[in-house]
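Written out below as structure tokens is the structure these notes cover.
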Amino acid sequence: MVVASALAVVAIVTSAGVSRGDLASRYRANKQRANQLRSQVQADDTKIKGFEGTISSLQARLTIVQRSLDVQEQQLQQVTVDLAGAQRRLVQLQRLLATDRRTLASQLVADYESPRPNLVDVIVEARGFDDLVNKVNNLKAIATSNSRTMKAVITTRAAVAAEARRLARIKIRRQQTTAAVRIERDNVAQLKLSIVNRELRYARDRTRKRAQLTSLRKTLQHQADVLDRLAAAARAASLPVAPPSGGCVNTPFVPHGGSTGFFPAPGTNYSVNQEPIIAARLDAMGRALGLHLIGISGYRSPAHSVEVGGFADDPHTRGEASDTPGVEGVPEATLEQYCLTRPFGGAREADHIQEL
């Protein structure tokens, strides 16, 4: 049955026009491409983080400049309102002055055509001293009032005109300052937009590469599974069709030389709990089947087990398992003849052996 399965896998690959060597070559090329994509994605991540830092700084600067622009625009609006009010007041004073001048002109014409009484006439026509004083005071009051009114209007107009000129100068300065701040705001905003666009390009490129990497990982997984099956099939095909009868060895493993049997890798520990018995049974099976079995992992501490991809409470941490490349193609029935078992399915766990 094992030989038939091996031949079936080989037949499928052969019928597809792909040899094991070609598939391995493609796997290596795809793995190299995956590493390149991973490096490129990491480089894009670094670039994007740099852009995000720059964008954050520009946004902070943009916020400050915008606040300054808001203040400048408010001040410009206020001085514009003040200037408009002064200009309206100046127009009103111009009109009032023109009205006063027309009134005085009319009075002069009336005085020329019908002269008002002079001081002699007032004295002659007075009915007494009090009447005289009143009439004289009235003449003086009229003259004084007319003079005061003209002076007040002229003085006020000059003051308002000066204020209007001052406000006009301030408005020009405000306009220039506001324009400069607005230009700075626009420049910062444009720079931020440029950086954001560059970040978007890198983000899109990173997304595309991640999609390629995900697809490539699926391809690599498939190719690795096929290669594992081919390797297992090749090893199974090299085994005898009817393996010799085994036996449950219950004595500890004793290291030895030769080319077949069990050989612990340097640095491994096969001295804890059931590890010596598992090693002895693997050694007996290897010698019987002509296999060179390498024990790459026996007992592991919980911390070391986690470091190499296992679990803190897996069989290795209890001294009950061995990872042994070379047994992948040995059928489960043969393992059982030597009181061993392969408890986990799948090509990746094909070398994980425990006691039956």
Side-chain angles (χ1 to χ4, degrees), residues 44 46-114 116 137-205:
D44 287 343
T46 302
K47 279 283 187 181
I48 290 172
K49 288 179 180 178
F51 287 142
E52 289 175 350
T54 302
I55 291 171
S56 178
S57 299
L58 288 173
Q59 181 58 50
R61 175 59 181 164
L62 186 60
T63 300
I64 295 173
V65 175
Q66 184 61 52
R67 290 174 182 170
S68 176
L69 179 59
D70 292 340
V71 171
Q72 295 297 333
E73 288 179 339
Q74 290 174 358
Q75 292 177 345
L76 176 59
Q77 182 180 7
Q78 184 60 49
V79 77
T80 301
V81 171
D82 293 343
L83 178 58
Q87 290 173 339
R88 287 194 300 271
R89 177 63 177 155
L90 186 58
V91 171
Q92 293 172 353
L93 290 172
Q94 291 280 22
R95 292 175 180 172
L96 180 59
L97 182 58
T99 300
D100 290 344
R101 284 176 173 173
R102 286 195 300 269
T103 301
L104 288 177
S106 299
Q107 289 179 355
L108 289 175
V109 172
D111 290 343
Y112 177 78
E113 293 176 349
S114 301
R116 289 190 296 174
N137 287 338
N138 287 337
L139 288 175
K140 290 181 178 180
I142 292 172
T144 301
S145 177
N146 290 338
S147 175
R148 186 182 297 114
T149 300
M150 287 290 294
K151 287 181 179 179
V153 172
I154 292 173
T155 301
T156 303
R157 186 190 66 169
V160 173
E163 178 67 9
R165 289 193 295 272
R166 186 184 73 84
L167 290 173
R169 291 193 296 271
I170 293 175
K171 181 178 179 180
I172 292 174
R173 289 198 299 271
R174 295 292 185 201
Q175 288 174 331
Q176 292 172 343
T177 302
T178 301
V181 176
R182 185 178 291 110
I183 290 173
E184 182 181 5
R185 190 273 312 273
D186 293 344
N187 287 339
V188 174
Q190 185 62 38
L191 180 58
K192 176 188 173 185
L193 179 61
S194 174
I195 299 298
V196 169
N197 287 334
R198 292 178 63 188
E199 181 187 19
L200 287 175
R201 287 197 296 272
Y202 274 93
R204 286 193 292 267
D205 185 60

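Predicted model only: the values in this text are computed from it and were never measured.
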For residues 192-200, please give each side-chain donor-acceptor pair under 3.5 Å, one per line with the distance, not counting sequence neighbours.
from	atom 1	to	atom 2	distance (Å)
Lys192	NZ	Gln59	OE1	2.2
Asn197	ND2	Leu193	O	3.3

Validation: residues 67-75 side-chain donor-acceptor distances under 3.5 Å, sequence neighbours left out:
from	atom 1	to	atom 2	distance (Å)
Asp70	OD1	Gln66	NE2	2.9
Glu73	OE2	Arg182	NH2	2.8
Gln75	OE1	Arg174	NH1	2.7

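- Expressed to the nearest 0.5 Å, how far CG of Asp186 lies from CG of Leu191 amounts to 12.5 Å.
- The list of ring-ring contact (aromatic ring centres under 6.0 Å, His included) pairs with a residue in residues 54-82, not counting sequence neighbours, is empty.
- Listed by chain and residue number, nothing satisfies the side-chain contact (heavy atoms from CB on, under 4.5 Å) test with Ser57 (two or more places apart in sequence, or in another chain).
- Rounding to the nearest 0.5 Å gives a distance of 10.5 Å between CG of Leu83 and CG of Leu76.
- Applying the ring-ring contact (aromatic ring centres under 6.0 Å, His included) rule to pairs touching residues 46-84 yields Phe51-Tyr202, sequence neighbours excluded.
- Among pairs with a residue in residues 62-99, none fulfils ring-ring contact (aromatic ring centres under 6.0 Å, His included), at least two apart in sequence or across chains.
- Counting only residues at least two apart or on different chains, no salt bridge (charged side-chain N to carboxylate O under 4.0 Å, His left out) pair has a member in residues 84-93.
- Legend: residues meeting salt bridge (charged side-chain N to carboxylate O under 4.0 Å, His left out) with Asp82, ordered by chain and number and at least two apart, are absent.
- Scanning for side chain to side chain donor-acceptor pair (under 3.5 Å) contacts around Asn187 gives an empty result, with sequence neighbours left out.
- Within the model, atoms OG1 of Thr80 and NZ of Lys171 stand 4.0 Å from one another, a figure rounded to the nearest 0.5 Å.
- Contacts of Arg61 classified as side chain to side chain donor-acceptor pair (under 3.5 Å), with partners at least two apart in sequence or in another chain: Glu184.
- Atom-to-atom distance recorded for Leu167:CG and Ile172:CD1 is 11.5 Å, nearest 0.5 angstrom.
- Residues forming a side chain to side chain donor-acceptor pair (under 3.5 Å) with Arg166 (at least two apart in sequence, or on another chain): Glu163.
- Applying the salt bridge (charged side-chain N to carboxylate O under 4.0 Å, His left out) definition to pairs two or more places apart or across chains, none involves residues 47-59.
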